[in-house]
Amino acid sequence: AYSVYPGSGPIDGGTLVEVRGAGIELPDARGLFCQFGAAEPVAATHSSRELVLCLAPASEGGVIGAVPVRVLNNDAVYGSVVAYTYRAPAAVHRVHPVAGMRGGGTLVTVYGSGFIGDMATRCRFGDVAVPARLLTAGQLECTSPVPAVAGYVPLEVSTNGQDYSSTDGHFEYQQPGAIRALEPSRG
């Protein structure tokens, strides 16, 4: 049995896809390719007898949906029953709240489009990715992690754990406030 990981990616392509199976021979001069649906085959890398790596091409005609994935190797075809799903790219439109404490732990709602309720769905605060939960078609919820430093970080979303949105979502980590004096000191 063959499988692909991740099982989905944006319609503009570029996702590094792992095709796993058994008995995938080393390619000869004819080469090794992956074919996504009816698209032109793309060059692939033979990582082992169980793993081939390839970059998903753009969806034919920008169509959203599942396509079969085939590995073409030495005139043999592998994995014709596995599917890869092209999805609309995830986009962040706004974030609430826009700031939280530097210690992390702020529950953040991300509003946008292209979100799905998949186990691989993530929010990325700067360089740190955390799991996200789908609330509705246009809302995700995630908890801010502890950052390296206080300040603004990009907040991006991925539906496959690999391809992140390139929109203008930001989140600010703030230093906790401190009370230095209280006046009057009694009431």
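Remember, it's a predicted structure, so these values are computed and weren't measured experimentally.
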*Calculate, to the nearest 0.5 Å, the distance between atoms OG and CZ belonging to Ser48 and Arg20 respectively.*
7.0 Å
_N/O donor-acceptor pair under 3.5 Å between Asp163 side chain and Ala90 backbone_ = no
*For the side-chain contact (heavy atoms from CB on, under 4.5 Å) test, which of Val4, Val52, Leu53 pairs with Glu18?*
Leu53
*Measure from NZ or CZ of Arg94 to the centre of the six-membered ring of Tyr111, then state whether that distance is under 6.0 Å and the direction lies within 45° of the axis.*
yes
*Electrostatic pair Glu141:Arg133 at N-O distance under 4.0 angstrom*: yes
*Test Val98 against Phe171 for side-chain contact (heavy atoms from CB on, under 4.5 Å), laying out the working first.*
CA-CA 5 Å; Val98 296; Phe171 184 78; 5.8 Å; no
*asked:* So Val110 and Cys142, do their side chains get closer than 4.5 Å, heavy atoms only?
replied: yes
*Keeping the roles fixed (side chain from Ser158, backbone from Asn160), state whether a donor-acceptor pair exists under 3.5 Å.*
yes
*asked:* A side-chain contact here means heavy atoms from C-beta on lying under 4.5 Å apart; do Tyr164 and Val92 qualify?
replied: no
*Would you say Asp127 has more than 12 foreign heavy atoms packed within less than 6.0 Å of its CG?*
no
_Let me confirm one number: the CG-CG distance from Leu32 to Leu26, rounded to the nearest 0.5 Å._
9.5 Å
*Could you check Val19 against Tyr84 for side-chain contact (heavy atoms from CB on, under 4.5 Å), going step by step and ending with a plain yes or no?*
CA-CA 10 Å; Val19 181; Tyr84 178 83; over 6 Å; no
